[in-house]
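Numbers here are sequence positions counted from 1.
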Amino acid sequence: MKKALMVWGGWDGHEPQQTVERFAPHLRANGFEVEIADTLDAYLDAEKMNALSLVVQVWTMGTITDEQQKGLITAVRDHGVGLAGWHGGLVDSFRNSVDYQFMTGAQWVAHPGNVMDFDISIANSTDPITAGLTDFGMHSEQYYLHVDPLMDVLATTTFGGENIPWIKGVVMPVVWKRRWGKGKLFGASFGHHASDFDVREARVIVERGLLWASR
């Protein structure tokens with residue numbers, strides 16, 4: 001049986017526990033033994049970490065110790081454990097940890113307009129994560145990210161410039177995947193609240209992304 005570790009915590013405004021609980025049943029239905037933890041110390045048990053199939057991290061802001069970070073990065077890079085997450089739980093987790101940001105390939109820097117309506121365009125309609133899905137709208141935070149050009153972009157959003165005129169027309173990744181060493185990583189920048197996943201396309205993308213990232 002595949003094993004998944006779901007780690008939630010950090011800023012409560014992103015509803016980390018609630019969003020984790022949205023997807024734990026999906027993993028169990030697909031044959032995973034799921035452990036849910038609310039501490040980053042879950043990354044310290046090297047033997048346990050390296051035997052996982054998938055880590056789902058939903059931890060906004062906060063700090064991670066060198067030992068905790070080493071446990072996570074080593075599991076992904078050297079042992080092929082998958083890493084997946086959404087919104088600030090993946091790409092605004094540890095602002096002081098550049099090694100972590102190097103691995104995820106994206107870092108939140110702004111969300112002009114805060115929670116608002118915006119459109120998401122499917123950039124790759126043949127990838128198994130986005131196949132059969134069409135463009136859709138979200139009511140969430142439209143993330144402006146600093147991104148690694150090595151990421152494989154699956155969906156994007158275009159900034160309208162209503163709040164910051166000079167970013168009008170900027171096309172920003174919203175859904176991406178990448179490889180890091182032996183591991184695979186999936187990320188999505190929506191997911192501010194658990195209700196974001198009431199949108200069918202957003203929910204399906206994450207469900208598929210979790211399975212893709214798993215080894």
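When each of Gln101, Arg178, Gln107 is tested with Asp148 by the rule side chain to side chain donor-acceptor pair (under 3.5 Å), just one qualifies, namely Arg178. When each of His139, Glu141, Glu15 is checked for a side chain to side chain donor-acceptor pair (under 3.5 Å) with His192, only Glu141 meets the rule.
A heavy-atom distance below 4.5 Å is not found between the side chains of Leu54 and Lys2. The closest side-chain heavy-atom distance from Val206 to Phe190 is below 4.5 Å. Within the 4.5 Å cutoff, the side chain of Leu133 has heavy atoms near those of the Arg200 side chain. Using a 4.5 Å heavy-atom threshold, the side chains of Val153 and Val147 count as separate.
Taking CD of Gln142 as the start and CG of Asn163 as the end, the distance is 9.0 Å to the nearest 0.5 Å. To the nearest 0.5 Å, atoms CG (Leu211) and CG (Asn30) are separated by 4.5 Å. With values rounded to the nearest 0.5 angstrom, Phe94 atom CZ is found 7.5 Å from Leu72 atom CG. Here the CE atom belonging to Met172 is positioned 4.5 Å from the OH atom belonging to Tyr144, to the nearest 0.5 angstrom. Taken from CD in Gln57 to CG in Leu83, the straight-line distance is 6.5 Å, to the nearest 0.5 Å. Here the CG-NZ distance, from Asp78 to Lys70, works out to 10.0 Å after rounding to the nearest 0.5 Å.
Under the 3.5 Å distance criterion, the side-chain polar atoms of Thr104 are left unmatched by any main-chain donor or acceptor of Val91. Proximity of a side-chain donor or acceptor of Arg203 to a complementary backbone N or O of Arg22 within less than 3.5 Å is not detected. Here the side chain of His87 pairs a donor or acceptor atom with the backbone of Ser189 at under 3.5 angstrom. Put simply, the side chain of Thr157 gets close to the backbone of Asp119: a donor and an acceptor are under 3.5 Å apart. Side chain of Glu207 to main chain of Phe23: no donor-acceptor pair is present (N/O by atom type, distance under 3.5 Å, no hydrogens or angles). Judged purely by atom type and a 3.5 angstrom limit, Thr19 uses its side chain to pair as donor or acceptor with the backbone of Pro16. Judged purely by atom type and a 3.5 angstrom limit, Lys3 has no side-chain atom pairing as donor or acceptor with the backbone of Ala51. For Lys177 (side chain) and Lys184 (main-chain N/O), no donor-acceptor pair under 3.5 Å exists by modelled atom type. Of the possible polar contacts, one joining the Asp135 side chain to the Ile122 backbone as a donor-acceptor pair under 3.5 Å is found. Under a 3.5 Å cut-off, the side chain of Ser93 and the backbone N or O of Trp59 do form a donor-acceptor pair.
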message: Set out, in order, the CA-CA distance, both residues' side-chain angles and the distance that settles side-chain contact (heavy atoms from CB on, under 4.5 Å) for Leu90 and Phe186, then state yes or no.
response: CA-CA 10 Å; Leu90 182 72; Phe186 161 81; over 6 Å; no
message: What verdict does the side-chain contact (heavy atoms from CB on, under 4.5 Å) test give for Thr60 and Trp108, after you've listed the backbone C-alpha separation in whole Å, the side-chain angles of each residue and the deciding distance to 0.1 Å?
response: CA-CA 11 Å; Thr60 301; Trp108 171 84; over 6 Å; no
message: As a quick check of understanding, evaluate side-chain contact (heavy atoms from CB on, under 4.5 Å) for Phe118 and Thr158, giving each step before the final call.
response: CA-CA 8 Å; Phe118 62 95; Thr158 301; over 6 Å; no
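Connectivity analysis of hydrophobic side chains (ILVMFWY, heavy atoms under 4.5 Å, direct or indirect) links Trp11 to Met61.
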